[in-house]
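First the structure, in the form of structure tokens, and then the observations on it.
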Amino acid sequence: MRILAIETSCDETAIAIVEVKKSGKGDTFKILANNINSQIEIHKEYGGVFPALAKREHIKNLPIIFEKTLKQAKIKIEQIDRIVVTTGPGLEPALWTGIVFAKELNKKYKIPVIPVNHMEGHIFSIFPKKSKTFTVNINKKMFPMLSLLVSGGHTELILVKENMKYKKIGQTRDDAAGEAFDKVARMLGLPYPGGPEISKMAEVERGNLIPLPLTKGEAGRGFPKIKNPSSILPLVRGGGAQIQLPRPMIHSKDYDFSFSGLKTAVLYLIRDMKEKDSNILQNDKIKQKIACEFEDAVVETLVCKTIKAIKEYKIQTLIVGGGVSANTYLQEVMTKEIKKLRKSDFLNIKVHFPSKSLTGDNALMIAIAGYYQTKNKKFAKRMSSIKAEGNLSL
Ligand code: KG4
Ligand code: ZN
């Protein structure tokens, strides 16, 4: 089966084509093409995604990326068996562009269209690795499964007792984790998207990265990683004035999150610091300290709640997905805590993160989720029932 997937839920116009074959080992996916066109540079000057602009860019880019993707896959549209498209959650004007595009293809070529939940896509994003071919073998041993989905719009803990049966056990009550990263970055005068920027600053503070002036080849790739951090930069945490931020709801009985108070705490901290020295944020060292403590607070909260849920639901597989899952420190702390669990009752628990290129929004993850929707015959039969749902839930 050949699947063409379309993703336009936010600021990435993405189209992928995969070919899926069943084998004794599971479902083997061959990536024929996978294109992502990011609008980040356009939205940067607004400090976040501007929906009307995202819609305009998707409309402009979709036909171009569509032609490019078919060409790369070396197939004609008539050879596609299914079109899968993200219908939510996301920005509705942006979602509609992909849906309308899919519906036009359906009208012209009579190819069935399957709606896909963007968050389900993030769950399936962990399967592709470096090679063009990968096999998905979902078996009983993997369940119960837990998915921590952390992106610009969502922070959710999803319990998966069997394949594609989802129960949301926790979510953010206000800002999403990625949103908090973006807003705090803005307060520190860092560009959008803020997650990677904060992360780089925090890593310098931890002594894992050193902010050397970038050489030409390194520009755009961030700070160079250093092999033996402590030999070059002493760990500076604890030295001088210690910055402390709250870990909201970390000990609450439920699995919900809240990041808005943390963001406000950073705002007040900066305000108080500026009262004493209005140029304080010109000092990179201070920014690194704030970034580090903020990242610590977010990561500790996410990890603590996830571990608690793993214990309660006797989880066998943990999947971390969404833009924030790219965060090095989150990956490091989560992996460490899972290792500790393995030594206790959770011998076989496995943790999966998407490969770096698939942590953010992409159409490949939508193609995989769409394939399993097709398999489960859960797809809509009438085209008119396929619509954008900004708040679609799993
Ligand atoms: O999943 P995604 O690409 O788009 C949404 O569906 O929202 O997530 C984007 C979010 C942004 O808020 C961005 O700042 C955050 O993911 N992000 C990160 C990192 N890379 C991206 N947050 C923390 N650390 C990172 N390394
Ligand atoms: Zn996303």
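Both counts, for ligands and for their atoms, begin at 1 and track the order of listing.
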*Looking at Y329, does the NZ or CZ of R206 lie under 6.0 angstrom from its six-membered ring centre and within 45 degrees of the ring axis?*
yes
*Which N, O or S atoms belonging to the protein are less than 2.8 Å from the Zn ion (ligand 2)?*
H118 NE2, H122 NE2, D361 OD1
*Would you say H118 contacts ligand 1, with heavy atoms under 4.0 Å as the rule?*
yes
*Note the single closest protein heavy atom to atom 11 (C) of ligand 1, along with its residue, its atom name and the distance in Å.*
D182 OD2, 3.6 Å
*Check ligand 1 against G153 and write out every atom of the ligand that is under 4.0 Å from a heavy-atom position of the residue.*
7 (O)
*Heavy atoms only: which of P193, G322, P196 is nearest to atom 19 (C) of ligand 1?*
P196
_Strictly below 4.0 Å, N to O, side chains only: are K168 and D256 in salt-bridge contact?_
no
*How would you list all residue pairs meeting side chain to side chain donor-acceptor pair (under 3.5 Å) that involve residues 11-29, not counting sequence neighbours?*
R2-E19, E12-S38, T13-H58, D27-Y371, D27-Y372, D27-K375, T28-T135
*Just distances here: any N/O of F181 and N/O of ligand 1 closer than 3.5 Å?*
no
*asked:* Heavy atoms only, cut-off 4.0 Å: how does H122 contact ligand 1, side chain, backbone, both, or neither?
replied: side chain
*asked:* If only side-chain N and O atoms count, and only distance matters, is there a donor-acceptor pair under 3.5 Å linking Q373 with E120?
replied: yes
*Say whether T69 and N35, considering side chains only, have a donor N or O and an acceptor N or O under 3.5 Å apart.*
yes
*Under 4.5 Å between any side-chain heavy atoms of F66 and L4, yes or no?*
yes
*Which of these, G152, G323, P354, S325, has its nearest heavy atom closest to atom 17 (N) of ligand 1?*
G323
*asked:* Measuring centre to centre across the rings, with the benzene-like ring taken for any Trp, is F29 within less than 6.0 Å of F134?
replied: yes
*Who's closest to atom 18 (C) of ligand 1 heavy-atom-wise, of G121, G195, G321?*
G195
*Do you see a donor-acceptor pair shorter than 3.5 Å between the side chains of Y166 and N117?*
no
*List the closest protein heavy-atom neighbour of atom 4 (O) of ligand 1: residue, atom name, distance to the nearest 0.1 Å.*
D361 OD2, 3.2 Å
*Just heavy atoms, cut-off under 4.0 Å: does E12 contact ligand 1 by side chain, backbone, both, or neither?*
neither
*Look at the side chain of K305 and the backbone N and O of M249, then say whether any donor-acceptor pair between them is shorter than 3.5 Å.*
yes
*Between K110 and K107, is there a donor-acceptor pair closer than 3.5 Å when you use the side chain of the first and the backbone of the second?*
yes
*Taking atom types as modelled, is there a side-chain donor on T86 or E7 under 3.5 Å from an acceptor on the other?*
yes
*Heavy-atom contacts with G360 under 4.0 Å: which atoms of ligand 1 show up? List them by number with element.*
3 (O)
*Is any side-chain N of the basic residue among K183 and E179 closer than 4.0 Å to the acidic one's carboxylate O?*
yes
*Out of I40, N327, L330, V184, who gets a non-hydrogen atom closest to atom 26 (N) of ligand 1?*
N327
_We want to know whether K285 and Q288 form a side-chain donor-acceptor pair, criterion being a heavy-atom distance below 3.5 angstrom._
yes
*Numbered atoms and elements of ligand 1 in range of G178, under 4.0 angstrom, heavy atoms*: 12 (O)
*In terms of residue, atom name and distance, what is the protein heavy atom nearest to atom 15 (C) of ligand 1?*
V324 CG2, 3.9 Å
